[in-house]
Amino acid sequence: MLGEDHPDTATSYNNLGNVNYVQGDYAQVEEYYQKALDICLKALGEDHPDTAMSYNNVGIVYREQGKYAQAEEYHRKALDIKRKVLGEDNQSTATSYNNLGNVYGDQGKYDQAEEYHKKALAIRLKVLGEDHPSTPGSYNNLGFVYENQKKYDEAVKLYRKAWEIRQQKLGPDHPLTKQTKNNLRSCFPHIDHGDQDFETWLNSQ
């Protein structure tokens with residue numbers, strides 16, 4: 001009815017990609033996401049939020065497959081569009097900074113990962129606030145970078161912020177709350193002057 005080169009057709013390709021992503025069929029995901037991107041580029045142009053979303057999706061599936069050079073390329077294209085069209089202080093722009101930080105972190109490029117996670121966190125704090133569900137994700141991701149740089153004091157501070165927000169907003173039994181608690185536990189043995197009362201309580205949970 002609408003043809004191959006219609007934005008709604010791209011949406012359906014994208015949705016099929018989402019289903020296959022959940023199933024872990026990344027080769028099929030890449031095919032569907034790429035088709036969605038090709039349509040967006042043709043129908044909407046390079047500088048459109050939907051095109052940025054499609055670049056982002058292809059970047060995500062490349063990261064899942066360990067294709068980090070391609071993942072970086074597509075996430076950077078998404079970021080460039082978002083900065084141009086949506087502006088620097090936008091939640092979606094923060095997501096692209098975060099995704100690039102994750103790609104760099106996966107490769108052990110921790111200085112670059114730190115830079116991009118800091119940018120994501122700054123935007124989320126400014127636009128969304130401290131208690132938004134996305135903000136503890138940035139605290140946690142930046143904490144991961146510091147942990148891998150052996151900056152354990154900084155890592156604990158950020159993990160603790162992430163844990164406190166998730167504990168309050170998501171509850172103690174949520175997987176993300178538990179994940180952050182485990183991150184805290186992994187760092188505490190490496191600090192000389194930790195909060196002993198908090199550490200005792202944490203280990204009793």
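Heavy atoms only: backbone and side chains are in, while hydrogens, waters and symmetry mates are out.
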- Item | Heavy-atom closest pair, residues His117 and Asn141 | CE1-CB, 3.5 Å
- Note on the structure: One should read off an interatomic distance between Arg160 CZ and Asn183 CG, to the nearest 0.5 angstrom, of 15.0 Å
- Task: Heavy atoms only: give me the nearest Gln149-Asp111 pair and the separation to one decimal.
- Result: NE2-OD1, 3.3 Å
- Task: Would you mind telling me which of Lys82, Lys119, Lys126, Arg83 makes a salt bridge (Lys or Arg N to Asp or Glu O under 4.0 Å) with Glu88?
- Result: Arg83
- Message: One thing to verify: whether Lys67 and Glu30 come together as a salt bridge, which I'm taking to mean a side-chain N less than 4.0 angstrom from a carboxylate O.
- Response: yes
- Is there side-chain contact between His75 and Tyr55, with heavy atoms separated by less than 4.5 Å? no
- Kindly indicate whether the side chain of Glu31, heavy atoms from C-beta on, has any atom under 4.5 Å from the side chain of Gln28. yes
- Query: With hydrophobic residues grouped by side-chain heavy-atom distances under 4.5 Å, do Leu100 and Val127 end up in a single group?
  - Reply: yes
Show me, pair by pair, the donor-acceptor contacts under 3.5 angstrom made by side chains of residues 3-10, not counting sequence neighbours?
from	atom 1	to	atom 2	distance (Å)
Glu4	OE1	Tyr13	OH	3.3
Glu4	OE2	Tyr13	OH	2.8
Asp5	OD2	Lys42	NZ	2.8
His6	ND1	Asp8	N	2.9
Thr9	OG1	Gly3	O	2.7

- Donor-acceptor under 3.5 Å (Tyr159 side chain, Phe144 main chain): yes
- Gln34 versus Tyr74: any side-chain heavy-atom pair under 4.5 Å? yes
- Query: What pairs with Tyr26 under ring pair (Phe, Tyr, Trp, His ring centres under 6.0 Å), at least two apart in sequence or on another chain?
  - Reply: Tyr21
- Query: Which atom names give the shortest non-hydrogen contact between Asp50 and Cys40, and what distance separates them?
  - Reply: O-SG, 4.0 Å
- Note on the structure: In this structure, CD1 of Ile81 is separated from CG of Asn56 (nearest 0.5 Å) by 10.5 Å
- Message: Are Tyr146 and Leu121 connected into the same hydrophobic cluster when the rule is that any two of I, L, V, M, F, W, Y join if their side-chain heavy atoms are below 4.5 Å apart?
- Response: yes
- Query: Do the side chains of Gln70 and Gln65 get nearer than 4.5 Å, heavy atoms only?
  - Reply: no
- Message: Using 0.5 Å steps for rounding, measure from the CD atom of Gln107 to the CD atom of Glu72.
- Response: 6.5 Å
- Message: If hydrophobic clusters are built from ILVMFWY residues whose side chains come within less than 4.5 Å, do Met53 and Val61 share one?
- Response: no
- Between Cys187 and Ala155, the two heavy atoms sitting closest are SG-CB, 3.9 Å
- Heavy atoms of Ala78 and Ala52 approach each other most closely as CB-O, 3.4 Å
- Task: Report the C-alpha separation of Glu130 and Tyr139 in whole Å, then their side-chain angles, then the decisive distance to 0.1 Å, and conclude whether the side-chain hydrogen bond (donor to acceptor under 3.5 Å, both in side chains) test is met.
- Result: CA-CA 10 Å; Glu130 180 84 10; Tyr139 281 132; 2.9 Å; yes
- Item | Steps toward side-chain hydrogen bond (donor to acceptor under 3.5 Å, both in side chains) verdict (Thr180, Arg166) | CA-CA 8 Å; Thr180 311; Arg166 285 173 168 172; 2.8 Å; yes
- Within a strict 4.5 Å, meaning less than it, do heavy atoms of the Arg185 and Asn182 side chains meet? yes
- Do Ile123 and Asn90 have side-chain heavy atoms sitting under 4.5 Å apart? no
- Same cluster (ILVMFWY, side-chain, under 4.5 Å), Leu86 and Leu37: yes
- Exercise: do Ser134 and Arg124 side chains pair donor with acceptor under 3.5 Å: no
- Query: Is Val58 reachable from Leu41 through a run of I, L, V, M, F, W or Y residues, each pair having side-chain heavy atoms under 4.5 Å apart?
  - Reply: yes
- Message: Just verifying a value: how many Å separate Trp163 CH2 and Leu158 CG, rounded to the nearest 0.5 Å?
- Response: 15.5 Å
- Item | Distance in Å, Thr177 OG1 paired with Gln168 CD, rounded so as to fall on 0.5 Å steps | 11.0 Å
- Message: Quick check: do Asp131 and Thr135 have side-chain heavy atoms less than 4.5 Å from each other?
- Response: no
- Item | side chain to side chain donor-acceptor pair (under 3.5 Å) partner of Tyr33, chosen from Asn20, Asn14, Asn18, Asp38 | Asn18
- Item | OH-OH distance between Tyr104 and Tyr68, expressed to the nearest 0.5 angstrom | 14.0 Å
- Do Glu114 and Glu154 have side chains that get closer than 4.5 Å, going by heavy atoms? no
